[in-house]
Amino acid sequence: MTDTADTTHTTHTPGTTHTPDPAVAAAAPAWLGAVLLSVVIPTHDDAHRIGPTLDAFRAHLDAHLGSGPGDWELVVSDDASTDETAAFVEAAAADEPRIRLVRSPHHRGKGAALRAGVLACAGERVLLADAGLRTPPAELEHLEQALGQPASDSGIDGGIDGGSDTDDARATAALGRSGNRLVRALGIPGIPGFRADTCGFALFDGDRARAAFGASVLDGPAIDAEVLRWVRRQGWHVAEVPVTRTRTRTRTPKPPVGPGPGPAPRPRRTAPPGDRRRALAELFRLNAGGLAVAAVFLALSVYVFHGLWADLDGRYLADALQDQNQWEWFVGVATDNITHLRNPLFTTAQGMPDGVNLMANATMLGLTVPLIPVTLLFGETVTFALVLTLGMAASAWTWYWLIRRRLVQSRWAAAAGGALAAFAPPMVSHANGHPNFVVLFMLPLIIDRALRLCEGRNVVRDGVLLGLFATYQIFLGEEPLLIAALGMLVFSLAYLLVDRRRALAAARPLGLGLVIAAGVCVPLLIFPLYWQFFGPQSYHSVLHGDNAGNSPRALVEYAARSLFGDAETAGRLSLNTTEQNAFYGWPLLALGVIVCVWMWRRRLVRALAITGAVALALSLGPWVPVPRTDVVLPGPWRLMVKLPLFESVIEGRVAMVCAPVLGVLLALALDRIVRMRTRELRTVGLLAVAAALIPVLPLPLAVRERAPVPAFITSGAWKGYVKDGEALVPVPLPDPGQADALHWQVEADFGFRLAGGYFNGPWGPDRIGIYGATPRHLSNLLRDVRYGQQPPEITPQWRDQARRDLEFWKAGAVVLPFQDRGIELRDMITELLGREPQKVEDVLVWRVGPGQV
């Protein structure tokens with residue numbers, strides 16, 4: 001898909017986009033007028049082969065283009081050769097005026113020679129060739145055919161916002177697929193998936209060639225990558241064409257001028273190590289801006305999490321509730337299962353005796369399994385902090401990469417958009433303990449691959465990769481993928497409304513690609529998904545209550561961890577601090593509206609506006625209370641609340657779709673603002689953006705002191721009380737309100753099992769999903785007394801119920817750490833079990849294994 005309303009066509013004349021070295025400019029011959037084709041050949045010490053190359057090109061061009069003065073020209077750009085290269089060219093030019101020599105007094109490299117030659121040429125089309133004639137001139141015909149093809153037939157498309165219906169619909173360059181192995185190994189920056197790796201034999205539109213090389217700055221071999229990336233970012237299309245390579249050696253002619261013997265014959269040259277090192281250095285320089293953006297994102301992520309990093313052993317994310325304990329447990333259980341060769345999709349480590357369906361929980365096996373070495377070396381908390389910190393930074397970078405690749409020219413406009421997409425208030429809120437909603441770096445890659453499918457150039461390859469990407473995202477987070485898929489569906493329907501022709505043209509390759517992607521996903525996911533939905537401890541939906549949607553006020557207020565945020569106000573308008581799923585603030589939403597009005601002619605902007613509006617509406621939930629009234633209106637989520645999969649989604653989270661929507665709108669606005677010619681308008685635009693962003697700048701996440709693990713656990717004293725196959729019963733049992741015992745188990749290297757727990761599992765005959773294990777009488781009693789209720793009169797019925805519950809859990813010991821209302825709990829448990837506890841280290845222990853109760 002492309003968007004045509006903002007496309008600008010620029011005609012460049014030689015020398016207008018770049019100021020070359022004065023000595024080079026002085027040495028260049030005068031521009032004599034336009035010709036149909038210019039052949040540019042960079043040389044350096046090529047006297048042994050330049051003669052036959054010129055003869056071959058001259059014969060071919062005369063035969064196929066004509067011998068008139070405006071048919072063709074050969075521009076040899078000599079990079080300060082120390083042999084007789086220039087003499088051979090000058091002799092040839094004396095015989096054929098259409099052969100021209102551009103000389104540089106200083107040896108600067110292939111890039112400088114190409115730039116000087118292209119800027120000195122006059123052709124409507126420009127062919128780049130090499131002095132060794134590794135690609136014969138006859139291959140020009142294939143390039144000419146590709147250069148005239150529409151972009152939908154071949155090449156790299158300009159993305160969803162980068163082309164036009166006229167000139168940009170044709171290829172700007174046709175590149176011969178060849179063998180620069182260094183650049184192939186490193187990849188051409190900014191052109192993902194593109195296999196052509198050199199401009200050694202390439203045909204360009206003349207004006208655009210001069211614009212591209214004039215904008216280049218590299219002087220060495222990596223200019224190929226720089227030029228191709230620049231062309232790509234203009235939204236211009238590039239075609240890739242297989243060409244035939246020759247390995248014939250050229251003979252060394254005698255010099256036509258000058259005294260002394262001719263140059264000695266040379267063997268066929270290969271790139272010396274120095275050239276390779278220079279190419280590596282230039283590729284690094286070419287990517288320095290992207291690396292700087294990545295460094296900024298990483299620094300911002302470290303800033304958000306620096307309180308946790310300051311003391312990993314002693315600090316806990318204050319607003320994580322019990323989610324940090326839970327996710328560290330997920331890290332640990334994945335490590336324990338894999339290292340002991342157990343099923344990674346199930347465990348009985350908690351929730352005894354039924355266990356936990358790990359595939360049905362947000363275990364993020366896509367990261368916890370690869371990071372097992374980190375966990376074994378440094379512990380679960382380090383892995384938790386690392387996943388959050390690197391995951392948020394990586395998500396920002398991939399959004400930046402997508403925006404820069406397809407939508408804007410300004411690097412820092414794209415960086416601002418990527419930062420907003422990844423560090424928006426809802427993302428920072430979830431960073432308190434929901435890594436699956438923070439580590440979203442795969443989503444931009446999935447979107448990009450879907451857009452490639454819309455272009456329809458390599459449907460099989462892109463479909464396979466989309467299937468692999470989606471499969472991996474399943475193992476990172478299913479709910480984020482589902483919400484992202486909903487957002488992409490809404491965007492697709494919106495684009496169908498604003499550009500029916502292009503949307504319908506993209507539908508066929510996209511549909512075929514999705515079928516291929518499904519064919520890849522199904523074999524890889526059939527067993528894990530079967531286990532999730534039909535295996536042990538599977539469930540069918542999760543109950544979230546009636547207030548899981550966003551309040552309309554939440555859309556315009558600020559989150560607790562935003563610069564202008566108020567924790568009390570945000571708390572009243574959200575489920576909890578980790579579920580502040582909107583809170584973009586009215587200035588940012590107002591900026592989004594202004595950008596949409598300002599750039600409404602762009603189809604992309606219209607589709608984004610519709611997507612954002614629909615996402616906000618859906619996030620309000622099935623019932624929408626009107627603020628300051630008692631009126632409750634039906635919301636659009638009512639249409640989806642009973643749909644499979646969506647019945648388990650917290651509907652307020654759909655508002656997170658607006659983070660990348662606003663990020664893209666921000667990038668588009670900044671890209672236009674920085675290119676405004678009037679300084680006053682640029683200043684006003686930048687101030688407006690700053691006024692919208694400053695209130696939602698993220699604050700570092702709050703931390704608190706972590707409850708210490710009892711010495712009974714850390715010393716290993718528990719081993720004398722809990723036998724293999726038995727469960728430890730903490731008081732109170734771990735549940736969504738208090739799950740410190742999960743951290744005990746992690747510290748004990750999963751040496752014992754736990755009754756109760758904090759996870760998603762089934763409840764009742766309908767297997768409805770709940771948080772935590774199915775409660776029992778004893779677990780409810782212990783929790784009620786711990787949090788304020790008076791102990792009941794202990795009757796034989798209570799003692800019998802306690803015995804049955806302990807037997808159900810296969811309990812080995814009941815453990816009471818010192819805590820509030822510890823005396824009441826001790827006396828009640830003692831009366832229930834009929835015996836006094838033992839004091840072991842810093843806890844009270846009742847042995848309740850077989851024969852003890």
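As a basis for the values below, the full set of heavy atoms in this structure was taken, side chains included, without hydrogen atoms, waters or symmetry mates.
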- Go through S562 and L699 one step at a time and tell me if the side-chain contact (heavy atoms from CB on, under 4.5 Å) criterion holds. CA-CA 6 Å; S562 291; L699 296 174; over 6 Å; no
Distance, nearest 0.5 Å, that separates [atom1] of [X] from [atom2] of [Y]:
X: R561; Y: L701; atom1: CZ; atom2: CG; result: 6.5 Å
X: L365; Y: I474; atom1: CG; atom2: CD1; result: 12.0 Å
X: E557; Y: Y584; atom1: CD; atom2: OH; result: 15.0 Å
X: R457; Y: D462; atom1: CZ; atom2: CG; result: 7.5 Å
X: W397; Y: L298; atom1: CH2; atom2: CG; result: 13.5 Å
X: L668; Y: L608; atom1: CG; atom2: CG; result: 7.0 Å

Give a yes or no on whether the backbone of [Y] and the side-chain of [X] come within a donor-acceptor separation of less than 3.5 Å.
X: E680; Y: V684; result: no
X: R682; Y: M676; result: yes
X: T398; Y: S395; result: yes
X: Q580; Y: P426; result: no
X: D671; Y: V408; result: no
X: Y771; Y: V542; result: no
X: T569; Y: D566; result: no

Discussion item. Does W586 have more than 12 heavy atoms from other residues, nucleotides or ligands lying within 6.0 Å of its CH2?
Written reply: no
A quick test of your reading: do over 12 heavy atoms of other residues, nucleotides or ligands sit less than 6.0 Å from CZ of R508?
no
For residues [X] and [Y], is any side-chain donor paired with an opposing acceptor at under 3.5 Å?
X: N550; Y: S619; result: yes
X: E478; Y: Q473; result: no
X: N581; Y: H430; result: yes
X: Y400; Y: R411; result: yes
X: N325; Y: Q322; result: yes

The single option from L525, T363, L367 that satisfies side-chain contact (heavy atoms from CB on, under 4.5 Å) with F475 is L525
How are the rings of [X] and [Y] set to each other: parallel, tilted or perpendicular (split at 30° and 60°)?
X: Y472; Y: F441; answer: tilted
X: F384; Y: W327; answer: tilted
X: F423; Y: F297; answer: tilted

Is R406 salt-bridged to E455, cutoff N-O under 4.0 Å?
-> yes
Query raised in the report: Any Lys/Arg nitrogen of E647 or K642 sitting under 4.0 Å from an Asp/Glu carboxylate oxygen of the other?
Result: no
### Query
Could R404 and W399 be counted as a cation-pi pair, given that NZ or CZ must be under 6.0 Å from the ring centre and within 45° of the axis?
no
Between C521 and G467, the two heavy atoms sitting closest are SG-O, 3.2 Å
